[in-house]
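I have placed the structure first, in the form of structure tokens, so that the comments after it can refer back to it.
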Amino acid sequence: DTFPLHFRFYVVLNRPPTGWYQGVGFIEPMDIRKRLVYPPTDEDMVVMCGPPVFEMAMRKTLFHLGFNSSQWFSFAADDNISAHL
């Protein structure tokens with residue numbers, strides 16, 4: 001609540017618990033546009049965490065939305081994923 005303009009998050013789960021109020025399934029480009037940052041500016045950073053296949057899909061989606069690789073951080077162990085964009 002202290003910095004609402006500086007930090008936003010959106011969690012998507014494949015199998016959410018009862019009463020879950022955020023995303024279910026996959027993060028779509030509209031989710032990024034509506035809930036995160038869009039269009040990206042030089043000051044924006046997207047941080048993601050999930051299985052490598054999720055992070056690879058997210059990197060491709062971010063790239064197609066105009067984010068460059070310096071605007072995202074993922075915890076994937078394989079940095080070669082970005083070479084497949």
Side-chain angles (χ1 to χ4, degrees):
D1 291 336
T2 305
F3 300 103
L5 299 176
H6 299 285
F7 182 82
R8 285 181 264 175
F9 69 95
Y10 184 63
V11 178
V12 177
L13 300 176
N14 286 333
R15 294 182 210 113
T18 303
W20 182 252
Y21 65 92
Q22 289 197 32
V24 176
F26 296 94
I27 297 176
E28 301 292 335
M30 184 54 66
D31 295 321
I32 294 167
R33 287 185 187 109
K34 183 178 176 182
R35 301 182 185 278
L36 298 176
V37 293
Y38 190 81
T41 69
D42 291 339
E43 296 177 357
D44 294 324
M45 171 68 69
V46 175
V47 178
M48 63 190 108
C49 180
V53 67
F54 161 78
E55 292 189 8
M56 184 169 63
M58 280 296 298
R59 287 177 177 201
K60 287 181 181 179
T61 299
L62 291 169
F63 176 77
H64 290 294
L65 288 173
F67 291 80
N68 65 56
S69 61
S70 68
Q71 293 176 291
W72 66 67
F73 176 83
S74 73
F75 293 91
D78 184 4
D79 285 337
N80 294 321
I81 292 173
S82 60
H84 301 298
L85 297 175

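Please read these numbers as outputs of a predicted model, since none were measured by experiment. Index from 1, following the sequence.
Put simply, the side chain of Gln22 never gets that close to the backbone of Val12: no donor and acceptor are under 3.5 Å apart. Side-chain atoms of Gln71 come within 3.5 Å of backbone N or O of Thr41 as a donor-acceptor pair.
Nearest heavy-atom pair, Leu13 versus Pro17, reported as atom, atom and distance to 0.1 Å: CD1-CD, 3.9 Å. The two residues Pro40 and Leu65 make their nearest non-hydrogen contact at CD-O, 3.9 Å. Taking both residues in full, the closest heavy atoms of Phe67 and Trp72 are given as O-CZ3, 3.7 Å, listed atom of the first, atom of the second, then distance.
Atom-to-atom distance recorded for Asn14:CG and Phe54:CZ is 9.5 Å, nearest 0.5 angstrom. Atom OH of Tyr38 is separated from atom CE of Met30 by 9.5 Å, given to the nearest 0.5 angstrom.
When side chains are defined from C-beta on, Met56 does not count as touching Pro52, because their heavy atoms never get closer than 4.5 Å. Under the 4.5 Å side-chain criterion, counting only non-hydrogen atoms from C-beta, Thr61 is in contact with Ile32.
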Evaluation steps, side chain to side chain contact (heavy atoms under 4.5 Å, CB included), between Ser74 and Met58: CA-CA 9 Å; Ser74 73; Met58 280 296 298; over 6 Å; no
Give the intermediate values and the outcome of side chain to side chain contact (heavy atoms under 4.5 Å, CB included) for residues Ile27 and Met48. CA-CA 11 Å; Ile27 297 176; Met48 63 190 108; over 6 Å; no
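Dense packing is recorded around CG of Asn68, with more than 12 heavy atoms of other residues, nucleotides or ligands lying under 6.0 Å away. The number of heavy atoms from other shown groups lying within 6.0 Å of OH (Tyr10) is above 12.
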